[in-house]
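Chain letters run A, B, ... following the sequence lines, proteins first and then strands; every chain starts at 1. Note: hydrogens, waters and symmetry copies are ignored here, and every other heavy atom, side chains too, is used.
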Number of protein chains: 2
Amino acid sequence: MVRPRFAKLPVHQQQTIVQAALDEFAAHGFRDASLNRIIETAGISKGSLYYYFDDKSDLFAYVAQAGLGGLFEKVGPLPPLDAGDADTFWSVVEDYYLRLTRALQASPQVAALLRGWSAAAKDPEFQRATGELEEASLPWIAQALAAGQRVGAVRADLPDSLLIAVTLGIGEAMDVWLLAQEPHDDALPDVIAALVDMLRRAVGPGAASGAPG
Amino acid sequence: MVRPRFAKLPVHQQQTIVQAALDEFAAHGFRDASLNRIIETAGISKGSLYYYFDDKSDLFAYVAQAGLGGLFEKVGPLPPLDAGDADTFWSVVEDYYLRLTRALQASPQVAALLRGWSAAAKDPEFQRATGELEEASLPWIAQALAAGQRVGAVRADLPDSLLIAVTLGIGEAMDVWLLAQEPHDDALPDVIAALVDMLRRAVGPGAASGAPG
DNA sequence: CCCGTGTTAGACCACCGGTCTAAACTACCG
DNA sequence: CGGTAGTTTAGACCGGTGGTCTAACACGGG
C-alpha cells in the first residue's frame, strides 16, 4: 500500500498502468498474470512498478477496487432491505442482482477479473492484499442476511456463518453458470428470478423437507 | 501417464514418493506445492521423478486417485438412489454424505488434498491431468440428480447444468463451513441433516416463493 | 554550482516446472 | 568372465516467475 505516490502520477500514466494490469489480470487470472508482461505493456520498469505498489497482490487489489468502484457507480447503492416484508426483501435482492449482472455483462474485463479472484482466493498472500475488499463485502452480505431475518425473509434457525457460506456458495455457482451462458438479454430477468428463488428456498424460512427433523 | 514404470518400483519406494507428494500437496495445495521439496523429501532426483511421472499434474492425479480410492474403500459404494420415493432419495443422500464427511475427517490429508483441488481446478493444465477423475465425478453428480428427478426428489424445471452448478456450489460451501467448525462428532448428523435439507430446498421440487413468477 | 530528494532502470536473486544428457547400474548373452 | 544393450539416476541447465537492490538520473532550492 504505497499508493500515495501513485496518486501523484499524471493521470494518463496511472491509466496506462492500471489498464495494462487490468488486461493482464483479466486475461490470465491473478496467479498466471505476469508482472513482466504488465510492465512491458505499460512501458515502465520493474523498479517503477515496485515503487508504486507493494507487490502483485497490492496491484491487483488496486485494480480490482477501481473496477468494482466503476461497477457500483453504474449500479447504484443497494436499497434498504428491511423496509418492507419478506417478499419485498427478495424482490429487492432480485432486482439488484439483475442490475449487477447486467453491469458485469457490460464490463467483461471486470467480470473476468472477479472470476480470477474467486479462483485465487485461497492464496494466503493474495488474501492479505484483498482482505480489505473482502472484509468490506463479507459484513455486507452478513448485514443483508440480518436485514432479511428482521423482516422474516431469511431463516434464523441456523448459524449465521453457515448462512453466509451457503449464500456465497450459491452466489458463486450462479455467477459461474451465468458466465457460461450466452447472454440472452431478454431472458435474463427470468433466469435471475429462478436463481434468486433457489437462494430463497435454501436460506428462507419454512420447511421444504417432508422428513421429520 | 508413464506410470507403468512406477508400478515396477519396490513398494516401499512408491510409498515414500507418494507420501512425500501427499504431504506437500496437502500442505500447500497444487500450485504452491514444490516439486523440488517433494524430491528432496522423497530422496530422489528430479530426473527420476520425471521418469515416472509426466509432470506435476500427473503426480497430483496419481496421489489424488490413491487417496480417493482409499476413501471410497472405507465409505463403500453409493446405494441406488432411485429405488424408493423422494424421501428415501434424500435420506440416502444424507446418510452417504455423513459417511463421506466422517471418512474425510478421519483422513485430514486427503481432505486437504481435495480442498486444494477445488482451489486449482481452474488451471487448464491441471484440468488435463485430473480430467479423468473429474469426468468420473461430474457425471456422477449428474446421474444422482437424474435419479432424484426420476423419483420426484429433484425439480425438473431448470437446466441440468444449473442444478449441477448449484449443487456443487452448495456442496463446496458445506465443505468449507464444515472444515471451519470443530468436529463435534456427536452433533455432526444434525448438521449434515440441516445442510442436506438446504440442498433439498434449493433443488427439490415445490415452491418456497410467495412471489408470483 | 551543488546538493538532496524523488524517481527510474535493470541487473540480480532464489526459486519454479520442465528438459536433457551423460553416467551408473542391471541383465542378458556369447 | 567380458561386452553390450537397456533401464534408471543424477543434476546441470533453460526460460520464466515475483521480488530486491543499487546506481544513475531528473530536478527544484539554496
Side-chain angles (χ1 to χ4, degrees), chain A residues 1-14 16-17 20-21 23-25 27-63 116 119-120 122-130, chain B residues 1-14 16-17 20-21 23-25 27-63 116 119-120 122-130:
Chain A
M1 241 266 282
V2 208
R3 272 168 289 138
R5 286 161 169 175
F6 186 67
K8 290 195 298 187
L9 269 182
V11 190
H12 74 276
Q13 205 165 344
Q14 290 185 34
T16 304
I17 295 174
D23 289 347
E24 179 72 13
F25 282 127
H28 300 97
F30 175 71
R31 302 216 44 160
D32 286 332
S34 161
L35 291 183
N36 289 327
R37 282 195 295 257
I38 292 178
I39 64 178
E40 192 180 2
T41 305
I44 62 173
S45 72
K46 186 169 281 194
S48 294
L49 182 68
Y50 275 89
Y51 184 68
Y52 293 113
F53 297 94
D54 277 347
D55 51 22
K56 196 183 187 182
S57 308
D58 190 30
L59 175 60
F60 182 89
Y62 183 81
V63 171
K122 276 101 180 179
D123 191 332
E125 144 202 19
F126 178 79
Q127 287 176 334
R128 177 177 44 75
T130 57
Chain B
M1 240 266 284
V2 209
R3 270 166 291 138
R5 287 162 171 175
F6 186 68
K8 290 196 297 187
L9 269 182
V11 189
H12 75 275
Q13 205 164 345
Q14 290 185 35
T16 303
I17 296 174
D23 289 348
E24 179 72 13
F25 281 128
H28 300 96
F30 175 71
R31 300 213 48 161
D32 287 332
S34 161
L35 291 184
N36 290 326
R37 281 194 297 256
I38 291 178
I39 64 179
E40 192 181 1
T41 305
I44 62 174
S45 72
K46 187 169 279 194
S48 294
L49 182 68
Y50 275 89
Y51 184 70
Y52 293 113
F53 297 93
D54 277 347
D55 51 23
K56 196 185 187 181
S57 309
D58 190 30
L59 175 60
F60 182 90
Y62 183 81
V63 171
K122 277 99 178 180
D123 191 331
E125 147 202 15
F126 178 80
Q127 287 176 334
R128 178 177 43 75
T130 58

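In this structure, the nucleotide among D/dG19, C/dC16, D/dG11 sitting nearest to the side chain of B/S34 is C/dC16. Here D/dT17 is the nucleotide among D/dG18, C/dT7, D/dT17 with the atom lying nearest to any side-chain atom of A/N36. For A/D55, whose side chain is taken as the heavy atoms from C-beta onward, the closest listed nucleotide among C/dG6, D/dG19, D/dT7 is D/dG19. Listed nucleotides: C/dA11, C/dT8, D/dT8. Nearest to the side chain of B/R5: D/dT8. Residue B/L35 has its side chain nearest to C/dG18 when only C/dT8, C/dG18, D/dT8 are considered. Nearest to the side-chain atoms of B/K8 among the listed nucleotides D/dT8, C/dG18, C/dC16 stands D/dT8.
No N or O donor and acceptor, one from the side chain of A/K56 and one from the base of D/dG19, sit under 3.5 Å apart.
Rounded to an integer number of Å, the gap from B/L9 CG to C/dT26 P is 13 Å. Summarising the geometry, the separation between CZ on A/F30 and C1' on D/dT17 is reported as 12 Å, rounded to the nearest angstrom. The distance from atom CD1 of A/I44 to atom P of C/dG10 is 12 Å, rounded to the nearest whole Å. Rounding to whole angstrom units, CZ of residue A/R31 and P of D/dG18 are separated by 10 Å. Atoms CG (A/L49) and P (C/dT7) sit 15 Å apart, rounded to a whole Å. Rounded to a whole Å, the OH atom of B/Y50 is 17 Å from the P atom of D/dC14. Rounded to an integer number of Å, the gap from A/D32 CG to D/dG16 P is 15 Å. Whole-Å rounding puts the B/I39 CD1 to C/dG17 C1' distance at 11 Å.
Heavy atoms of B/F53 sit nowhere under 4.0 angstrom from any nucleic acid atom. Residue contacts for A/Y52: at a heavy-atom cut-off of 4.0 Å it reaches the sugar-phosphate backbone alone, with no base atom in range.
For C/dT8, the OP1/OP2 oxygens have no side-chain nitrogen or oxygen of A/S45 closer than 4.0 Å. Contact annotation: B/Y51 side-chain N/O to D/dT9 OP1/OP2 distance is not under 4.0 Å.
Distance alone, capped at 3.5 Å, is enough to place a donor-acceptor pair between the A/E24 side chain and the A/S34 backbone.
Separating the CD atom in B/Q13 from the NZ atom in B/K8 is a distance of 13.5 Å, to the nearest 0.5 Å.
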Inset, instruction - Apply the test salt bridge (Lys or Arg N to Asp or Glu O under 4.0 Å) to residues B/R37 and B/D23: give CA-CA distance (whole Å), side-chain angles for both, the deciding distance (0.1 Å), then the verdict. - result: CA-CA 10 Å; B/R37 281 194 297 256; B/D23 289 348; over 6 Å; no

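Between A/F60 and A/F30, the ring planes are perpendicular. Angles over 60° get that label, and only those under 30° would be called parallel.
In terms of heavy-atom proximity, A/T16 sits nearest to A/A42 at CG2-O, 3.7 Å.
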